[in-house]
Amino acid sequence: MYTSLRIENFRGFRDLTVGPLQRVNLLVAKNNVGKTAFLEAVTLLVNGQGALQTFPKAFRNSDHPEQGSEFWVWLFHGRDCASVASVTATGSDAKGNQSVQLRCTEQNANNHPQRFECVQRFQVEGKQYPLFLRTEPEMAQSNVSHPRNLNETNGGAKIFATNPMNPIEEARKYHNVMKKKGGEEKVQSLLRVIEPRLTKIRPGLTGSQPSIYADIGLSELIPVSQLGQGFSRVLSIYSSILLSEAKVFLIDEVENGIHYSALEQVWEGLAEVAERENVQVFATTHSWECLVAAGKVFAKRDPYDFAVHRLQIVGDRVEAKTYDRETLATSIEQGFEVR
């Protein structure tokens with residue numbers, strides 16, 4: 001498990017250190033300060049080269065034709081391609097110490113940095129750029145480049161963005177939950193805090209496509225898609241944690257689609273399943289109600305495995321302030337602005 005992160009020359013971060021980290025970490029900040037960029041940095045750190053396959057649209061839902069070029073150059077702080085972007089983590093044991101670096105050079109420079117892997121090529125303003133990646137500790141063991149190529153199925157990071165979910169993929173996912181011993185019962189018990197009328201969830205067909213139906217005491221089973229975005233989102237998160245081999249879960253705007261009255265129950269379920277499955281969670285929120293709900297839930301847990309990290313602009317740089325159990329409780333009680 002990661003205990004601290006340092007991000008340099010990545011996105012809007014010139015030099016940002018966040019920590020101490022806990023099992024569940026909630027990122028808060030004003031708009032355009034860097035919550036999503038922080039999740040991108042963690043994705044790059046955990047998945048290495050595997051992150052780059054879908055990186056442009058992992059958190060940022062854009063179909064602009066320039067996305068494939070401008071995206072890459074803006075990974076560097078101030079759009080400075082001469083800099084080296086890096087993310088470094090300290091872990092609770094030696095195996096948790098990791099780092100990843102990004103570099104790019106102009107194509108005509110014909111410069112392949114030592115022990116970096118060329119992972120992408122892009123063009124900006126008529127100039128060609130190769131993008132290079134280097135990860136540690138793997139590459140420290142050999143002069144041959146073997147950057148991490150992880151994803152959610154082999155110990156990497158799982159992403160929950162705010163983009164709409166694919167109902168067909170969610171149905172297939174829940175079918176796999178049913179095949180896991182105790183999986184169906186675990187997910188359904190957690191979901192009853194969102195929908196107390198729920199008795200069963202069953203996969204089925206809508207036309208010829210797989211779907212998910214819920215029994216909430218009506219004369220017919222109802223498609224889960226008709227129970228609202230919050231229910232579907234929580235179902236997806238809980239199912240993924242139970243199924244995935246990912247050790248890091250990244251949830252952008254965790255409260256998205258969830259009524260404030262259910263947030264404590266959502267956090268109770270998330271805390272339980274994260275501990276049970278040994279997963280580290282990084283989530284973001286804009287919601288005061290979500291922050292307060294999380295604070296209440298984790299204040300009752302022993303050990304206290306939760307931290308709030310507030311990103312804020314100080315001068316010309318982004319800094320992080322971490323709230324532990326005492327400072328968070330005092331801030332909430334006094335009504336201090338934490339977001």
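Position 1 is the first residue of the sequence; numbering continues from there.
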Tell me, yes or no, whether the heavy-atom count around K247 atom NZ, taken from other residues, nucleotides or ligands under 6.0 Å, exceeds 12.
-> yes

Quick one: are [X] and [Y] in side-chain contact, heavy atoms under 4.5 Å?
{"X": "Q312", "Y": "V318", "result": "no"}
{"X": "L52", "Y": "L133", "result": "yes"}
{"X": "M178", "Y": "R202", "result": "yes"}
{"X": "S331", "Y": "Y323", "result": "yes"}
{"X": "L250", "Y": "F59", "result": "yes"}
{"X": "T285", "Y": "E253", "result": "no"}
{"X": "I258", "Y": "N256", "result": "no"}
{"X": "L291", "Y": "V338", "result": "yes"}

Can you tell me how far [atom2] of [Y] sits from [atom1] of [X], rounded to the nearest 0.5 angstrom?
{"X": "S86", "Y": "L102", "atom1": "OG", "atom2": "CG", "result": "9.0 Å"}
{"X": "L75", "Y": "D80", "atom1": "CG", "atom2": "CG", "result": "13.0 Å"}
{"X": "C81", "Y": "W74", "atom1": "SG", "atom2": "CH2", "result": "10.0 Å"}
{"X": "R11", "Y": "L44", "atom1": "CZ", "atom2": "CG", "result": "10.5 Å"}
{"X": "L26", "Y": "L328", "atom1": "CG", "atom2": "CG", "result": "9.0 Å"}
{"X": "L16", "Y": "R6", "atom1": "CG", "atom2": "CZ", "result": "10.0 Å"}

Are [X] and [Y] linked, directly or through other ILVMFWY residues, by side chains that come within less than 4.5 angstrom of each other?
{"X": "V224", "Y": "I168", "result": "no"}
{"X": "V266", "Y": "V292", "result": "yes"}
{"X": "Y174", "Y": "L221", "result": "no"}
{"X": "Y304", "Y": "V273", "result": "yes"}

Which atom names give the shortest non-hydrogen contact between C104 and F122, and what distance separates them?
-> SG-CZ, 4.4 Å

Could you walk me through whether K179 and N176 pass the side chain to side chain contact (heavy atoms under 4.5 Å, CB included) test, one step at a time?
-> CA-CA 5 Å; K179 294 190 293 184; N176 288 328; 3.2 Å; yes

What about the rings of F71 and F55, do their centers lie closer together than 6.0 Å?
-> yes

Test of ring centre spacing under 6.0 Å for F132 and F116 = no

Could [X] and [Y] be called an ion pair, given the rule that one side-chain N must be under 4.0 Å from one carboxylate O?
{"X": "R23", "Y": "E275", "result": "no"}
{"X": "R197", "Y": "E195", "result": "yes"}
{"X": "K180", "Y": "E277", "result": "no"}
{"X": "R233", "Y": "E170", "result": "no"}
{"X": "R14", "Y": "D316", "result": "yes"}
{"X": "E184", "Y": "K186", "result": "no"}

Under a 3.5 Å distance rule, please check whether [X] uses its side chain to pair with a backbone N or O of [Y] as donor and acceptor.
{"X": "D215", "Y": "K200", "answer": "no"}
{"X": "N97", "Y": "G91", "answer": "yes"}
{"X": "W72", "Y": "P56", "answer": "no"}
{"X": "T327", "Y": "D324", "answer": "yes"}
{"X": "T43", "Y": "A51", "answer": "no"}

Salt bridge (Lys or Arg N to Asp or Glu O under 4.0 Å) between R115 and E136, intermediate numbers included = CA-CA 10 Å; R115 295 170 65 193; E136 300 284 356; 3.6 Å; yes

Does the pair E319 and K321 meet the rule for a salt bridge (Lys or Arg N to Asp or Glu O under 4.0 Å), with working shown?
-> CA-CA 7 Å; E319 296 183 357; K321 178 179 180 180; over 6 Å; no

Tell me yes or no: between the side chains of E220 and Y213, is some donor less than 3.5 Å from an acceptor?
-> no

Distance-only donor-acceptor check, side chains D252 and T284, under 3.5 Å = yes

Given Y2 and V46, is the side chain to side chain contact (heavy atoms under 4.5 Å, CB included) satisfied, shown in steps?
-> CA-CA 10 Å; Y2 298 131; V46 179; 3.6 Å; yes

Stacked cation flag K158 on F160, 6.0 angstrom / 45 deg | yes

Could you please spell out the steps behind the side chain to side chain contact (heavy atoms under 4.5 Å, CB included) verdict for L45 and L5?
-> CA-CA 10 Å; L45 172 73; L5 288 172; 3.5 Å; yes

Which is it for E117 and R103 under the salt bridge (Lys or Arg N to Asp or Glu O under 4.0 Å) test, yes or no, and what are the steps along the way?
-> CA-CA 10 Å; E117 179 82 4; R103 292 188 61 180; over 6 Å; no

Which class fits the ring pair F38 and F282: parallel under 30°, tilted 30 to 60°, perpendicular over 60°?
-> tilted

Full working for salt bridge (Lys or Arg N to Asp or Glu O under 4.0 Å) between E169 and K173 | CA-CA 6 Å; E169 291 302 318; K173 183 192 302 180; over 6 Å; no

Evaluate the side chain to side chain contact (heavy atoms under 4.5 Å, CB included) criterion for residues V187 and L235: first the C-alpha distance (whole Å), next the side-chain angles of each, then the deciding distance (0.1 Å), finally the verdict.
-> CA-CA 7 Å; V187 170; L235 171 61; 3.6 Å; yes

